[in-house]
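Beneath this line is the structure, given in structure tokens, with notes to follow.
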Amino acid sequence: MPELPEVEAVVARARRAAKGRTIRKIEVLRASAVRPQTAALVARRAGNRRIENIERRGKNILIRLAGGYTIRIHLKLNGDLHTDGVNWSSRVIFHLSGGRQLVFDEPRALGTVNVLDEKQLAAALAGIGPEPLSREFRAEDFVEAAGKSRLAAKLFLMDQKRVAGLGNVYAAEALFRARIHPGRRMNELGAGEAGELYGAIREVLREAVKSAKIAYNHPGGHKEAARFKPSVYGREGEPCVRCGSRIRRIQQGGRSTYFCAHCQR
DNA sequence: CTGCCCCTGTAA
DNA sequence: TTACAGGGGCAG
């Protein structure tokens with residue numbers, strides 16, 4: 001479930017570990033992890049390149065290399081990029097200068113590592129909307145786009161073209177915070193509701209980024225304490241934290257949506 | 001817009 | 001043993 005906050009935390013950690021180092025060797029343990037590319041291409045493009053920076057765009061991890069190539073990593077469902085050493089779910093190992101290694105893990109094997117040239121990178125990022133925690137994400141734009149869309153609110157929030165980085169968890173949490181039913185059509189939201197939703201997105205994400213950074217950067221006991229606790233996601237049948245009625249689960253776009261039918265109208 | 005597919009661990 | 005979860009890309 002890495003969404004914007006978790007990817008942000010992973011990126012911060014990877015940046016500290018790897019920025020300025022050179023990739024000595026790339027070991028692809030599972031060929032499908034670099035699909036549709038090949039291990040040979042990945043090694044040829046990224047081998048012996050210096051890591052200029054590591055950034056996040058939406059849920060994409062971008063490792064900027066000297067010479068113009070960029071490693072694009074998508075963690076999909078359960079991916080991770082860490083320095084804790086190799087285990088059974090490790091798919092790609094970046095051997096770095098200074099004896100360090102960065103490891104890409106993906107137990108579900110949906111996540112990918114690709115090395116893109118500038119044109120490919122531009123194409124990959126072309127469809128990604130504004131960063132919700134940046135100034136480019138403006139309330140008036142969001143409200144205007146909302147007024148023009150007949151999409152259900154939950155599906156709208158998960159559409160990466162509209163806002164970057166929200167997934168199943170934080171889309172549901174933002175809707176709960178704004179007290180909006182996930183099935184409401186965006187263009188049928190009331191005057192203040194789209195604005196409420198805009199604010200809720202930013203609040204939820206800001207909180208979650210804080211939690212994720214602690215959870216990903218401190219070992220052991222702090223992790224559990226810092227962990228973001230969803231109000232609705234994954235809580236079917238449990239009491240709503242606001243009103244006590246049972247959280248419900250419905251299907252939207254083939255995926256589960258959790259919400260409180262009493263609080264969210 | 002809906003639905004299928006990718007892929008595999010885990011829950012039923 | 002099977003169903004399901006899930007982001008995103010793509011076909012229909």
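In what follows, chains carry the letters A, B, and so on, assigned in the order in which the sequence lines appear, proteins first and then strands, with residues in each chain numbered from 1. Reckoned from all heavy atoms, side chains included, excluding hydrogens, waters and symmetry mates.
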Tell me what A:Y233 touches on the nucleic acid: a base, only sugar-phosphate, or nothing, going by heavy atoms under 4.0 Å. sugar-phosphate
Just checking A:L75: base, sugar-phosphate only, or nothing, at a heavy-atom cut-off of under 4.0 Å? nothing
Atom CD of A:Q252 to atom P of C:dA5: distance rounded to whole Å? 14 Å
Without decimals, in angstroms, what is the distance between A:E6 CD and C:dG6 C1'? 14 Å
Whole-Å distance, A:E106 CD to C:dG6 P, equals 14 Å
Evaluate the criterion side-chain hydrogen bond (donor to acceptor under 3.5 Å, both in side chains) for residue pair A:N48 and A:K25; output intermediate values, then yes/no. CA-CA 7 Å; A:N48 287 311; A:K25 185 185 166 196; over 6 Å; no
Please list, pair by pair, any protein nitrogen or oxygen found under 3.5 Å from a nitrogen or oxygen in nucleotides 7-12 of chain C.
| from | atom 1 | to | atom 2 | distance (Å) |
| --- | --- | --- | --- | --- |
| C:dG7 | OP1 | A:N168 | N | 3.2 |
| C:dG7 | O3' | A:K59 | NZ | 3.4 |
| C:dG7 | N7 | A:R255 | NH1 | 3.2 |
| C:dG7 | N7 | A:R255 | NH2 | 2.8 |
| C:dG7 | O6 | A:R255 | NH2 | 3.1 |
| C:dG8 | OP1 | A:H74 | NE2 | 2.9 |
| C:dG8 | OP2 | A:K59 | NZ | 3.3 |
| C:dG8 | OP2 | A:Q160 | NE2 | 3.4 |
| C:dG8 | O6 | A:R255 | NH2 | 3.1 |

Donor on one side chain, acceptor on other, A:Y170 and A:E6, under 3.5 Å: yes
When rounded to whole Å, the CG to C1' distance for the pair A:L151 and B:dC1 reads 9 Å
Interatomic distance where CG belongs to A:D159 and P belongs to B:dT2 [whole Å]: 13 Å
Reckon A:R249 touches a base, only the sugar-phosphate, or nothing at all at heavy-atom distances under 4.0 Å? sugar-phosphate
Nearest-Å distance for atom pair CD/P, residues A:Q251 and C:dG6: 9 Å
If you look at every strand shown and take non-hydrogen atoms under 4.0 Å, does A:S256 touch a base, only sugar-phosphate, or nothing? sugar-phosphate
How would you list, by chain and number, every residue that makes a salt bridge (charged side-chain N to carboxylate O under 4.0 Å, His left out) with A:R246, sequence neighbours excluded? none
Just grab all the side-chain hydrogen bond (donor to acceptor under 3.5 Å, both in side chains) pairs involving residues 91-104 of chain A, residues at least two apart or on different chains. A:E27-A:H95
Regarding A:S90 and A:D105, do their side chains bring together a donor and an acceptor under 3.5 Å, going by distance alone? yes
If each of A:G253 and A:A109 is mapped to the nucleotide of DNA chain B with the nearest heavy atom, which maps nearer the 5' terminus, i.e. the 5' end? A:G253
Are A:L133 and A:I201 linked, directly or through other ILVMFWY residues, by side chains that come within less than 4.5 angstrom of each other? yes
Can we say A:R184 and A:E188 salt-bridge, meaning some charged N sits less than 4.0 Å from an Asp/Glu carboxylate O? no
